[in-house]
Amino acid sequence: MARGVPGGYRIWDNRARRWWGDLYELCPDDLLDELNGGANHEKIAALLRRYRILKR
């Protein structure tokens, strides 16, 4: 699940009950749609890799 936090968005892991991944300043719509929708692990991992590369 994606949640808004001060400074952007973070990913909340319901199973581990903790924040997961990086802080995103901008809202990546396709990542948020996948997190809050189907939650396909492979697709989420690919999107996270893509946004992490763009962040550098």
* Please report the closest heavy-atom contact between N40 and E34, naming both atoms and the distance. =>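 Closest pair (atom of N40, atom of E34, distance): N-OE2, 2.8 Å.
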* With sequence neighbours left out, write down each residue that passes side-chain contact (heavy atoms from CB on, under 4.5 Å) with A45, or none if nothing qualifies. =>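 Applying side-chain contact (heavy atoms from CB on, under 4.5 Å) to A45 gives R49.
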* Asked: Excluding sequence neighbours, so at least two apart, what forms side-chain hydrogen bond (donor to acceptor under 3.5 Å, both in side chains) with W12?
  ->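 Only N14 meet the side-chain hydrogen bond (donor to acceptor under 3.5 Å, both in side chains) criterion with W12.
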* Roughly how far, to the nearest 0.5 Å, is the CG atom of L48 from the CD1 atom of I11? ->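 The distance works out to 4.5 Å.
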